[in-house]
*Asks:* 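Take a look at this one; I'll ask things after.
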There are 2 protein chains.
Amino acid sequence: MAAEGPAGASPSRSKRADAQRNRETVLTAAAGVFVTSGVDAPIRQIATQAGVGMATIYRHFPTRADLVTAVYQHQIEACAEAGRTLLANADSPLDALHQWIDLFVDFLVTKHGLADALQSDSDRFAALHAYFLDRLLPVCAQLLDAAVEAGDIKPGTQPYELMRGIGNLCIGRDNDPRYDPRRLVALLLQGLQRPQTS
Amino acid sequence: MAAEGPAGASPSRSKRADAQRNRETVLTAAAGVFVTSGVDAPIRQIATQAGVGMATIYRHFPTRADLVTAVYQHQIEACAEAGRTLLANADSPLDALHQWIDLFVDFLVTKHGLADALQSDSDRFAALHAYFLDRLLPVCAQLLDAAVEAGDIKPGTQPYELMRGIGNLCIGRDNDPRYDPRRLVALLLQGLQRPQTS
DNA sequence: ATACTAAATGGAGCAGCGTTCCGTTTCAGG
DNA sequence: CCTGAAACGGAACGCTGCTCCATTTAGTAT
């Protein structure tokens, strides 16, 4: 087959082929380990699972946040994209906001320990926090603004505060029947709504 | 002087005097360290601060939760007591609930990392969680029930879920001007309220 | 007052994890 | 094929939680 043109493979060209391969291997292994052991799983475990040394992981992903970010990048982008789509297609901005938050909450609660990590007081996850904000905050802000302009939501709430509040509500052990983050997020949204439609 | 009667000093009689003293020393040191380093501070640090060995701390407080519990016991009890008082004295059950939650939130946000520990996925703090629930859940339930009966609050919310939601909202680094747990808790309470008073 | 016993102590020691460092291996261009 | 550099792996270091045991000390019986 013909050699690749100047517009080569998608990921950075400047890497050696084996490095590129290892990057993928680590990503796959990490995704698997995250499911079973949470995003706090020991690096050694991920390295073993991937069949590489620890240094390899550290070289590709200097901080744990970089690794987690890379693993969930696609899903975060999808969430952001969904927000834009919803705003365009939903019956009302309020509906769009509700549905988007449902997506967001689903994403957080299905990733073992992700919400915990996002708000971790340690700064090991600072970059992850930053990435989430960078990608999702504008979306949330747009949805919120639209709902405010439509008169469905009281003005004055900052998107950052809302997102972090939702994230916080999603923290905790999963599968506790006595605590369903969705119910509390729903309550929060209720509190955000205008008293009457006037 | 006359020997002490059968109704002796308040803390457990079965301990030796030096053990009793050390217990207090550790408690004081721990309280100090918690303020500066959070409730996750290394045991070694607390031991050094108290001028005792680590084993001494482990003997008096087998788990970290026991230590934290002991340090904050009085304040937790005070919070529980305040709940009962408020219910009796406030203008309305809803007012009482609001004021009590303010107290609760204040308590959590002023204790560096306490809210984080309470919901920690690790079970190192399971006993702390249990203690909080044991002492404060009944109070919260009473306040909530009273507010529901007065018609101020929608029925259907479980006290456990509410308390944990509030606790979750208080998680995170302190002193972030962009995130004030109080505002979100207020929103949550708003969502709890009846649409109209009728 | 002295001797005795069991409670209490302290710190060394072991294990787990994060992170770095360096000798060795492997790729890719000449 | 040869060679330089990128990439690699795992040993090594530091920090933390927790335990174990030789030693000290308080309280009591004589």
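Throughout, protein chains are lettered first and strands after them, A, B, ... in sequence-line order, and every chain is numbered starting at 1.
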*Asks:* In whole Å, I'd like the distance from the CG atom of L67(B) to the C1' atom of dG17(D).
*Replies:* 14 Å
*Asks:* Go through it in stages, so that I can follow the logic: the residues are E81(A) and R84(A), the test is salt bridge (Lys or Arg N to Asp or Glu O under 4.0 Å), and I'd like the CA-CA distance, side-chain angles, deciding distance and then a yes or no.
*Replies:* CA-CA 5 Å; E81(A) 191 53 44; R84(A) 293 183 209 105; 2.7 Å; yes
*Asks:* Between K154(B) and Q190(A), is any pair of side-chain heavy atoms under 4.5 Å apart?
*Replies:* yes
*Asks:* What integer distance in Å separates Y58(A):OH from dT19(C):P?
*Replies:* 4 Å
*Asks:* Out of dA7(D), dA8(C), dT20(C), which nucleotide sits closest to the side chain of M54(A)?
*Replies:* dT20(C)
*Asks:* Of P42(B) and G51(A), whose closest DNA chain D nucleotide lies nearer the 5' terminus?
*Replies:* G51(A)
*Asks:* Determine, for nucleotides 24-30 of chain D in 5'-to-3' order, which nucleotides have protein heavy atoms under 4.0 Å from the base (write B), from only the sugar-phosphate (write S), or from neither (write -).
*Replies:* -BSS---
*Asks:* Should the pair D40(B)-R124(B) be classified as a salt bridge under the 4.0 Å nitrogen-to-oxygen rule?
*Replies:* yes
*Asks:* Looking only at atom types and distance, does a side-chain atom of R173(B) sit under 3.5 Å from a main-chain N or O of S120(A), one as donor and one as acceptor?
*Replies:* yes
*Asks:* Considering only NZ, NE, NH1 and NH2 on the basic side and carboxylate oxygens on the acidic side, decide whether D102(A) and R182(A) come within less than 4.0 Å.
*Replies:* no
*Asks:* Would you say the side chains of D176(B) and Y160(A) form a donor-acceptor pair under 3.5 Å?
*Replies:* yes
*Asks:* What is the distance from CD1 of I46(B) to P of dG10(C), rounded to the nearest Å?
*Replies:* 15 Å
*Asks:* Using the C1' atoms of the five pairs at each end, what is the angle between the end axes of the helix from dA1(C)-dT30(D) to dG30(C)-dC1(D), to 10°?
*Replies:* 10°
*Asks:* Nearest-Å distance, CD1 (I57(A)) to P (dG10(D))?
*Replies:* 12 Å
*Asks:* Side-chain N or O of H60(B) versus OP1/OP2 of dT9(C): is the shortest distance under 4.0 Å?
*Replies:* yes
*Asks:* A19(A) near the nucleic acid: base, sugar-phosphate alone, or nothing, with a heavy-atom cut-off under 4.0 Å?
*Replies:* sugar-phosphate
*Asks:* Would you state whether a donor and an acceptor, one from the side chain of R124(A) and one from the base of dG18(C), lie under 3.5 Å apart?
*Replies:* no
*Asks:* Could you check which of dG11(C), dG17(D), dA7(D) has an atom nearest any side-chain atom of R59(A)?
*Replies:* dA7(D)
*Asks:* Does dC8(D) have OP1 or OP2 under 4.0 Å away from a side-chain N or O of N22(A)?
*Replies:* yes
*Asks:* I43(A) CD1 to dG9(D) P: how many Å, rounded?
*Replies:* 14 Å
*Asks:* Indicate, yes or no, whether a donor-acceptor pair under 3.5 Å links the base of dG16(C) to the side chain of R44(A).
*Replies:* no
*Asks:* For N168(B) and N168(A), indicate whether the former's side chain and the latter's backbone hold a donor-acceptor pair under 3.5 Å.
*Replies:* yes
*Asks:* For dA8(C) and T56(B) - does any side-chain N or O of the residue sit under 4.0 Å from the phosphate oxygens OP1/OP2?
*Replies:* no
*Asks:* Could you state the atom-to-atom distance from CZ of F61(B) to C1' of dG17(D) in whole Å?
*Replies:* 17 Å
*Asks:* Output, in order, the C-alpha distance, side-chain angles, deciding distance and verdict of side chain to side chain donor-acceptor pair (under 3.5 Å) for Y58(B) and D66(B).
*Replies:* CA-CA 10 Å; Y58(B) 278 106; D66(B) 294 319; over 6 Å; no
*Asks:* Can you check whether V52(A)'s main-chain N or O pairs, donor with acceptor, with T56(A)'s side chain at less than 3.5 Å?
*Replies:* no
*Asks:* Carefully, step by step, assess R183(A) and E161(B) under the rule salt bridge (Lys or Arg N to Asp or Glu O under 4.0 Å).
*Replies:* CA-CA 9 Å; R183(A) 283 198 290 261; E161(B) 201 156 51; 2.7 Å; yes
